[in-house]
Protein chains: 2
Amino acid sequence: MDATPPTREELCPFPLRQSIGFLLVRTALRLRLLGNTILQEAGEDLTVDQWGILNLLWESDGQTPVELARRADKDKPNVTRLLQILEDKGYVARQPDPKDRRSHRILLTEAGRAIKDRLLELGSTCHERACAGLSAQEVATLKDLLNRVYRNVF
Amino acid sequence: MDATPPTREELCPFPLRQSIGFLLVRTALRLRLLGNTILQEAGEDLTVDQWGILNLLWESDGQTPVELARRADKDKPNVTRLLQILEDKGYVARQPDPKDRRSHRILLTEAGRAIKDRLLELGSTCHERACAGLSAQEVATLKDLLNRVYRNVF
DNA sequence: TATTGTTATACTCTATAACTATA
DNA sequence: TATAGTTATAGAGTATAACAATA
């Protein structure tokens, strides 16, 4: 007779806390929270998602909402909402596209350009905090694995 | 004179789409979406977060909300809400703890036990889809790196 | 017909604080 | 004083659908 009680593994052969999904989601949430906390403690009235849109514009000013949505991996309503917030805060302005009257160019204002260096610095702070103790090679490996999983689930 | 126009890297030395935060968050969101889609297409009226709570109970029935919150990495109000949903759906029941009248034990109902095998199978489906093309070693590496980043940002 | 951008709606999860009952 | 659990509130993000204007 086998009177051994079942182990946790036998009771649940797919344990939540060892699953990629759990580890991925909880880390992403904490990292987003850290980013928002860093922004808040620096006195910036911005979320990480708003920061992301500005980041794309610092790299290339004058993109359309559709381009921004594609590069930020967000849907159109989300980008519309974020741009509305950024416009209200005075960091971006909409300019009608003379060639295609459906379309708009999103342009940084002077204020939007002025905060660039400060906010990039906060981004680096967040990155260094998150990747502390990881070698450059390990960071590259993590990025590669995340990209491969992303392509699998896209 | 140097008339070379500035490169994107010079314009924005911290590009969003190469940052760990961006790659992590977008992958986590897509994976969560895939999980919810798999559950929905299988006809299960559950979200991945609700699935996660059930998973913890399949491993060890009769935990308190505080234990579940700690193991699911959620705060108390979140767990209360998820347990309310699961109770409404008939998968769990609350039992007062005779030793500590503040506390409750969360117990699986017959229905909650009955869906275990089916839902674990869906979990495996999601995992295999996400990790397709990754070796067991690579999956282990990804988990290790995620855990190290998590501890950095916790 | 397809695309751009917006609006509306509903849902999930998160964070914070405050409250009760009990220890 | 501290803990267990709940409730309330506010906020962010996502998905879907639908719409008007334009191509």
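A note on names: the letters A, B, ... follow the listed sequences, proteins ahead of strands, and every chain is numbered from 1.
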Check your understanding: When all nucleic acid strands are considered with a 4.0 Å heavy-atom cut-off, which category describes A/Asp49: base, sugar-phosphate, or nothing?
Key ->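 Sugar-phosphate, backbone atoms only, no base.
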Practice item. Remember a base hit wins even if backbone is also touched, and classify B/Asp100 as base, sugar-phosphate or nothing at under 4.0 Å, heavy atoms. Key: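 Counting heavy atoms under 4.0 Å across all strands, the contact made by B/Asp100 is with sugar-phosphate only.
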**Study point:** Closest listed nucleotide, where the reference is the side chain of A/Ser103 and the choices are D/dG5, C/dT4, D/dT3
**Key:**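 Minimum distance to the A/Ser103 side chain belongs to C/dT4.
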Exercise for review: Tell me yes or no: between the side chains of B/Ser124 and B/Glu128, is some donor less than 3.5 Å from an acceptor?
Suggested key: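 Side-chain D/A pair, B/Ser124 to B/Glu128: absent.
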Check your understanding: Cut-off 3.5 Å, side chains only: do B/Thr141 and B/Glu138 have a donor facing an acceptor?
Key ->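 The answer is no; no qualifying pair exists.
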Which whole-number value in Å describes the distance from [X] [atom1] to [N] [atom2]?
X	N	atom1	atom2	answer
A/Leu33	D/dA12	CG	P	14 Å
B/Leu29	C/dT12	CG	P	16 Å
A/Gln50	D/dG11	CD	C1'	12 Å
B/Ile106	D/dT6	CD1	P	7 Å
A/Leu34	C/dT14	CG	P	17 Å
A/Arg102	D/dT22	CZ	P	10 Å
A/Arg32	D/dG11	CZ	C1'	12 Å
B/Trp51	C/dT12	CH2	C1'	18 Å

Check your understanding: Of A/Val25 and A/Val66, whose closest DNA chain C nucleotide lies nearer the 5' terminus?
Key ->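 Nearer the 5' end of the strand: A/Val66.
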**Study point:** SB check A/Asp97 A/Lys99 (cutoff 4.0 Å)
**Key:**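 Salt bridge: no.
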Exercise for review: Give a yes or no on whether the backbone of B/Val25 and the side-chain of A/Arg32 come within a donor-acceptor separation of less than 3.5 Å.
Suggested key: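 Absent.
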**Study point:** Donor-acceptor under 3.5 Å (B/Trp58 side chain, B/Gly112 main chain)
**Key:**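 Yes.
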Exercise for review: Using a cut-off of 6.0 Å, state whether more than 12 heavy atoms not belonging to A/Gln84 lie near its atom CD.
Suggested key: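 Correct, the count exceeds 12.
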Point to revise | Quiz item: cation-pi between B/Arg26 and A/Tyr150, 6.0 Å / 45° | key: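 Judged by the rule (NZ or CZ under 6.0 Å from the ring centre, within 45° of its axis), B/Arg26 counts as positioned above A/Tyr150.
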Point to revise | Sub-4.0 Å heavy-atom contacts from residues 71-95 of chain A onto DNA chain C, ordered by number | key: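 Within residues 71-95 of chain A, the residues near DNA chain C are A/Lys76, A/Pro77, A/Thr80, A/Arg94.
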Point to revise | Distance-only donor-acceptor test (3.5 Å): side chain A/Arg101, base D/dT22 | key: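 Such a pair does not exist between side chain and base.
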